[in-house]
Amino acid sequence: MAELDEDRYRPAVPPRAACAYTGCYCEENVWKLCDYIRSRGERPVEEFYAVFISNERRMIPLWKQKSGHGDEPVVWDYHVILLHVSSGEQNFIYDLDTVLPFPCPFDMYSTEAFRLDDSLHPEFHRKIRMIRADLYLETFASDRSHMKDADGKWQKPPPSYPCIETADSKMNLDDFISMNPKVGWGSVLPLPDFVRQFGRQTHLSCSVKAQ
């Protein structure tokens, strides 16, 4: 049943290699995915959510990342993925930094990349900020200053396109990374609640080939 559902799923964006991507700028990579989905108009943009993963200490482990080594997690200060709340039986995650399929069935991503908070020290427990894609496109802004060192040099090369800004802001990334529900846009919830809400709650095996 899982295989049939996933075989029927039509990805909302091009194959991984054809997507706009800049390493270490996951928030902009997801913004670009949202923008593509909105511009194409083939899927309701309201079905998609930018998902920020972080916590108060900005120390969150994720597995199956391209920058990882073997089965060791990568500890990010934050990471951003795209969630598609599909009309089918399975929701899907789009993560341009994972070695898992793109898109990836939610349950597979949860099992392989999130794993369980129960096995982690509390300081590594993850939280989620979900922002509907259309709202994310309207509100997100970054001047990329967080990627410069004390001397003003880039820690990682920036994207080639202009900075994303709105009429109200040139830089509000911290409001999205913050897991304070009183700050910013969208809704904040613990990772286990996120998994319960959007997972299929089964242990069906998945066999989806990466693009």
Side-chain angles (χ1 to χ4, degrees), residues 1-19 21 23-27 29-30 33-34 47-55 57-131 133 177 179 188-211:
M1 186 68 180
E3 293 179 16
L4 291 175
D5 187 47
E6 288 141 23
D7 287 342
R8 287 197 302 266
Y9 182 75
R10 184 168 52 86
V13 301
R16 191 194 311 257
C19 291
Y21 175 80
C24 295
Y25 290 84
C26 54
E27 64 280 355
N29 296 333
V30 167
L33 293 177
C34 294
E47 292 180 358
F48 296 84
Y49 292 82
V51 176
F52 279 72
I53 311 160
S54 193
N55 57 25
R57 297 175 66 92
R58 297 197 179 184
M59 294 171 58
I60 55 113
L62 285 178
W63 284 260
K64 301 296 182 179
Q65 295 283 287
K66 289 191 293 187
S67 57
H69 300 284
D71 198 42
E72 293 298 315
V74 176
V75 179
W76 299 114
D77 49 352
Y78 68 95
H79 189 46
V80 191
I81 58 178
L82 183 70
L83 166 67
H84 182 200
V85 181
S86 168
S87 57
E89 294 181 7
Q90 175 86 258
N91 297 318
F92 285 83
I93 294 288
Y94 293 77
D95 180 1
L96 286 163
D97 292 292
T98 189
V99 298
L100 294 170
F102 181 86
C104 185
F106 186 98
D107 291 340
M108 177 191 287
Y109 192 91
S110 175
T111 300
E112 298 288 335
F114 288 147
R115 306 199 181 180
L116 297 175
D117 267 355
D118 295 351
S119 60
L120 301 175
H121 191 280
E123 69 184 22
F124 293 111
H125 286 186
R126 281 86 37 106
K127 289 187 177 180
I128 298 291
R129 178 184 291 272
M130 291 181 57
I131 311 98
I177 299 173
M179 291 299 141
V188 175
L189 62 163
L191 177 64
D193 291 357
F194 176 71
V195 171
R196 278 193 293 271
Q197 185 171 345
F198 296 102
R200 198 184 343 196
Q201 308 301 310
T202 68
H203 299 285
L204 295 173
S205 61
C206 303
S207 59
V208 176
K209 294 182 180 178
Q211 293 180 340

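Just so we're clear, the structure is a prediction, and the values are computed from it rather than from any experiment.
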Enquirer: Side chains of P103 and Y9: does their closest heavy-atom pair fall under 4.5 Å?
Expert: yes

Enquirer: About how many Å separate CZ of R57 and OG of S54, when rounded to the nearest 0.5 Å?
Expert: 12.0 Å

Enquirer: Can you name the nearest heavy-atom pair linking I128 to I53, along with the distance?
Expert: CD1-CG1, 3.7 Å

Enquirer: Measure the CG-CG distance between D193 and L191 for me, rounded to the nearest 0.5 Å.
Expert: 9.0 Å

Enquirer: Hey, are D97 and Y21 close enough side-chain-wise for a donor-acceptor pair under 3.5 Å?
Expert: yes

Enquirer: Is there a side-chain contact between W76 and S67 in this structure, where contact means two heavy atoms from C-beta onward sitting under 4.5 Å apart?
Expert: yes

Enquirer: Working to the nearest 0.5 angstrom, can you tell me the gap between I81 CD1 and F106 CZ?
Expert: 7.5 Å

Enquirer: Is any side-chain heavy atom of Y94 closer than 4.5 Å to a side-chain heavy atom of L96?
Expert: no

Enquirer: Which word best sums up how the rings of F52 and Y78 line up, parallel for under 30°, tilted for 30 to 60°, or perpendicular for over 60°?
Expert: parallel

Enquirer: Can H84 and Y49 be counted as having a side-chain donor-acceptor contact under 3.5 angstrom?
Expert: no

Enquirer: Look up atom CG in N29 and atom SG in C19, then write down how far apart they are to the nearest 0.5 Å.
Expert: 9.0 Å

Enquirer: Should Q197 and L189 count as side-chain neighbours, where that means a heavy-atom distance under 4.5 Å?
Expert: yes

Enquirer: Might you point out which heavy atoms bring A12 and F48 nearest each other, and give the distance in Å?
Expert: CB-CZ, 3.5 Å

Enquirer: Would you say N91's side chain and S86's backbone share a donor-acceptor pair under 3.5 angstrom?
Expert: yes

Enquirer: Do any N or O atoms from the side chain of R115 and from the backbone of E112 form a donor-acceptor pair under 3.5 angstrom?
Expert: yes

Enquirer: Do the side chains of R126 and L120 get nearer than 4.5 Å, heavy atoms only?
Expert: yes

Enquirer: Less than 4.5 Å apart, any side-chain heavy atom of M59 and any of H125?
Expert: no

Enquirer: Does a donor on one side chain and an acceptor on the other come within less than 3.5 Å for D95 and Q65?
Expert: yes

Enquirer: How many angstroms lie between atom SG of C26 and atom CG of L82, to the nearest 0.5 angstrom?
Expert: 12.0 Å

Enquirer: Check this for me: E123, atom CD, are more than 12 non-hydrogen atoms of other residues, nucleotides or ligands nearer than 6.0 Å?
Expert: yes

Enquirer: Identify whether NZ of Lys or CZ of Arg in K127 sits under 6.0 Å from the centre of the six-membered ring of F114 and within 45° of that ring's axis.
Expert: no

Enquirer: Does the S110 side chain pair with the main chain of V195, one donor and one acceptor, at a distance under 3.5 Å?
Expert: no

Enquirer: Rounded to the nearest 0.5 Å, how far apart are CD1 of I93 and CE of M108?
Expert: 12.5 Å

Enquirer: Over 60° means perpendicular and under 30° means parallel, so classify the ring planes of H121 and F124, tilted if in between.
Expert: perpendicular

Enquirer: Take R16 and T98 through the test side-chain contact (heavy atoms from CB on, under 4.5 Å) and record every step on the way to the result.
Expert: CA-CA 10 Å; R16 191 194 311 257; T98 189; 4.0 Å; yes

